[in-house]
Amino acid sequence: MIKRHSTLLLSLTLIFSAANSAYAQEQLIVYTSMKESLIGELKEGFKQQHPEIAMDYQSAGAGKLMAKIAAEKESGTIMADIIWTSEVPDFYNMKKNGMLEPYISPEVANIVNPIPDYDGSFTPVRLGTLGIAYNTRFVKQPPATWQDILGPEFKGAYGVASPALSGTSYMSVALLKSLYGWEYFEKMKENKGKVGKGSGQVVDDTASGDLLASLAVDYITNDKIAKGATLKLVYPQEMLVIPSPVAIMKGSKNINAAQKFIDFILSEQGQNIIVQEGTLPVRKGISIPEKFAMPSAEEAIARAIPIDYESLISNKEETVKQFGRILQGR
C-alpha cells in the first residue's frame, strides 16, 4: 500500500511539474499577412532555436489584421505581441499613435535598411518586389520597360490589381505615378488595360492566358512558376521595392520573446527561409536561388523608385479615386 501511494504521489508530482513548466513557458502571438508556408517555416525554425517560447500566429490580410487590432485596442487589450505585414503606411500610423515598442536588434547591423529616419519602431525583414509577369506561351518578345506594356502587343491584355483593394497595388500605382505622372495610366486606359480584384487574381489570369502580362508580386508569381505555370517575371530598371516591416506592439507582456523573434527573422537562418519563398531578404550576403532570377537586396534598393511615405499616407484617398476615374470610369 505504501509503495502504491508513493507511485501515485510521484505521478502527481510529475503531472503538476509538467503543468507548471507549460504555464511558465514564454508566450508569443504574431499577427501577419505573410502566407502560411513562410510563417509556418519560420515558426518551426524559431521553435528549434527557442523551445522555451510557445509561438502562435494569425495569418490574414493586412486590412483585416489592422481592423482586429483596432477592435482589440478599443476593448482594452491587444492580443498580438508582433505585427508583420507589407503595409508600410500602417506602421507609420501606429508609430504616430504610440502603438509600437521600439527595438533595434543587433542583427540590424547586417541588413540593408530602406526605412528613412529609422529608430527601431519597426524594422524591415524582407523586400517585396513587383515586376511584369508575362505568359511565355503567348509572349515571345518580353517587356523590358514599364512603357513596353503600353504597346499594341499588350492591348486589352495587361492587368493591374485595384489599389482600392490591395495595399501592395496602391503603393505600386503611387510609385509609378510619381515616376511617370497620371499620363502613364491614361495611356494604359487607351491600351484597354484591365483592373483586377487582387494581386493574386491578375497573376492567375496571366497564367491562364486571359491576360498576356500583369503587374505582379514576386512570391505570388514564383509560387505559380514552381507549380508549373508558363510565367516569367521581369524587372524594369526602375524597380518597385516595398519593405515588409515587423514591429512589437506597445504593452506586450512578452517583450523578451518578441525581441528574440525579430532577432531570429533577421538572422542568417531566418533570412534563408525567407529567400526560399521567392522574395528578397534584407540581410546582406544571402544567396538568391538562381531559379528566381532576382537581383540582390543591395541592387534592388539601388534601383528602387524612391518612396515618400508621408505622401503615400496623405494622398491615398485621392490617388485611389484618380486611378478609378481613369481606368474604371468612376
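- Between L211 and Y158, every side-chain heavy-atom pair lies at or beyond the 4.5 Å cut-off.
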Please walk me through it: do I29 and Q58 pass side chain to side chain contact (heavy atoms under 4.5 Å, CB included)? CA-CA 8 Å; I29 297 176; Q58 179 161 344; over 6 Å; no

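- Both the sub-6.0 Å distance and the 45° axial angle are satisfied by K316 relative to the ring of Y170.
- Counting heavy atoms from C-beta on, the side chains of K284 and V112 come closer than 4.5 Å.
- For the 3.5 Å distance criterion, the side chains of T85 and S33 fail to qualify, holding no donor opposite an acceptor.
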Give the intermediate values and the outcome of side chain to side chain donor-acceptor pair (under 3.5 Å) for residues E107 and N110. CA-CA 6 Å; E107 299 291 349; N110 301 310; 3.1 Å; yes

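- For the atom pair CD (Q27) and CE (M79), the distance works out to 10.0 Å, reported to the nearest 0.5 Å.
- The closest side-chain donor-acceptor pair between T319 and N315, if any, does not fall under 3.5 angstrom.
- Residue-environment remark: NZ (K43) exceeds the threshold of 12 foreign heavy atoms within 6.0 Å.
- Among Y103, Y309, F91, W84, the one residue that satisfies the ring pair (Phe, Tyr, Trp, His ring centres under 6.0 Å) test with F122 is F91.
- Salt bridge status for K224 with D204: present, with a side-chain N to carboxylate O gap under 4.0 Å.
- Rounding to the nearest 0.5 Å gives a distance of 7.5 Å between CE of M55 and OH of Y57.
- Judged purely by atom type and a 3.5 angstrom limit, R137 uses its side chain to pair as donor or acceptor with the backbone of A207.
- For the pair S105 and I262, the tightest heavy-atom approach, listed with the atom from each and the gap, is CB-CG2, 4.3 Å.
- A donor-acceptor contact under 3.5 angstrom links the side chains of D218 and T279, judged on distance only.
- Judged by distance alone, the side chain of N97 and the main-chain N or O of M99 form no donor-acceptor pair under 3.5 Å.
- Cluster annotation: L165 and F323 are assigned to distinct hydrophobic clusters (Ile/Leu/Val/Met/Phe/Trp/Tyr, side-chain heavy-atom contacts under 4.5 Å, transitive).
- In this structure, the separation between CD1 on I326 and CD on Q328 is 11.0 Å, given to the nearest 0.5 Å.
- M239 contributes atom CE, which lies 8.5 Å from atom CH2 of W146 (distance to the nearest 0.5 angstrom).
- Nearest heavy-atom pair, A247 versus L100, reported as atom, atom and distance to 0.1 Å: CB-CD2, 3.9 Å.
- The one candidate from E101, E72, M94, K73 that meets the side-chain contact (heavy atoms from CB on, under 4.5 Å) condition with M249 is M94.
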Derivation and outcome, side chain to side chain contact (heavy atoms under 4.5 Å, CB included), residues M294 and L280: CA-CA 8 Å; M294 300 174 77; L280 285 182; 3.7 Å; yes

As a quick check of understanding, evaluate side chain to side chain donor-acceptor pair (under 3.5 Å) for S121 and D119, giving each step before the final call. CA-CA 6 Å; S121 294; D119 65 356; 2.9 Å; yes

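- You'll find the side chain of R303 stays beyond 4.5 Å of the side chain of E238, heavy atoms only.
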Checking side chain to side chain donor-acceptor pair (under 3.5 Å) for the pair Q141/Y134: CA distance, chi angles, key distance, verdict? CA-CA 10 Å; Q141 183 63 41; Y134 68 93; over 6 Å; no

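- Between the side chain of N191 and the main chain of K187, no donor-acceptor pair closer than 3.5 Å is present.
- A ring-centre distance under 6.0 Å is found for F46 and F261.
- The shortest distance between side-chain heavy atoms of S244 and L127 does not fall below 4.5 Å.
- Ionic pairing of E52 and K260 is present here: one or more N-O contacts between side-chain nitrogen and carboxylate oxygen are shorter than 4.0 angstrom.
- Y31 has its side chain within reach of K68: a pair of non-hydrogen atoms, C-beta onward, lies under 4.5 Å apart.
- A donor and an acceptor atom, one from each side chain of N254 and E26, are nowhere located under 3.5 Å apart.
- In this structure, a donor-acceptor pair under 3.5 Å is present between the side chains of S166 and S199.
- Within 6.0 Å of NZ on K155 lie no more than 12 heavy atoms contributed by other residues, nucleotides or ligands.
- For D148 (side chain) and T145 (main-chain N/O), a donor-acceptor pair under 3.5 Å exists by modelled atom type.
- Of the possible donor and acceptor atoms, one in the side chain of Q271 sits under 3.5 Å from a partner among the backbone N and O of I265.
- Using cut-offs of 30° and 60° on the angle between ring planes, the pair Y184 and Y180 is parallel.
- The distance from the CD1 atom of I78 to the OG atom of S252 is 10.0 Å, given to the nearest 0.5 Å.
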Is there a side chain to side chain donor-acceptor pair (under 3.5 Å) between Y235 and T129? Walk through the geometry before answering. CA-CA 9 Å; Y235 294 104; T129 61; 2.8 Å; yes

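- L327 and V195 make their closest contact through CB-CG2, 3.9 Å (heavy atoms, listed as atom of the first residue, atom of the second, distance).
- Side-chain contact check for F185 versus V173: some heavy-atom pair is nearer than 4.5 Å.
- The number of heavy atoms from other shown groups lying within 6.0 Å of CD (Q147) is above 12.
- Counting non-hydrogen atoms of neighbouring residues, nucleotides and ligands closer than 6.0 angstrom, the NZ atom of K140 exceeds 12 such neighbours.
- Between I111 and P124, the shortest heavy-atom distance links the atoms CD1-O, 4.0 Å.
- A distance of 5.5 Å separates CD1 of I225 from CG of L231, quoted to the nearest 0.5 Å.
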Go through the steps for V160 and M188 under the test side chain to side chain contact (heavy atoms under 4.5 Å, CB included), then give the verdict. CA-CA 10 Å; V160 179; M188 191 182 294; 3.8 Å; yes

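- A donor atom on one side chain and an acceptor atom on the other are not found under 3.5 Å apart for E87 and Y92.
- Under 4.0 Å is where a charged nitrogen must lie from a carboxylate oxygen, and between E277 and R126 no such pair does.
- Side chain to side chain, E41 and Q276 fail the donor-acceptor criterion of an N or O pair below 3.5 Å.
- The two atoms that bring P89 and M171 nearest to each other are CD-SD, 4.1 Å, heavy atoms only.
- Side chain to side chain, T123 and Y118 meet the donor-acceptor criterion of an N or O pair below 3.5 Å.
- The heavy-atom pair separating S172 from L215 by the smallest distance is CB-CD2, 3.8 Å.
- V125 has its side chain out of reach of P245: every pair of non-hydrogen atoms, C-beta onward, lies at least 4.5 Å apart.
- In this structure, E298 places its CD atom where more than 12 heavy-atom neighbours from other residues, nucleotides or ligands lie under 6.0 Å away.
- You'll find the side chain of L28 reaches within 4.5 Å of the side chain of I82, heavy atoms only.
- Defined by atom type and a distance below 3.5 Å, a donor-acceptor pair is missing between the side-chain atoms of S208 and D205.
- No donor-acceptor pair closer than 3.5 Å links the side chain of S214 to the backbone N or O of A216.
- Looking at R325 and E318, a side-chain N of the basic residue comes within less than 4.0 Å of a carboxylate O on the acidic one, giving a salt bridge.
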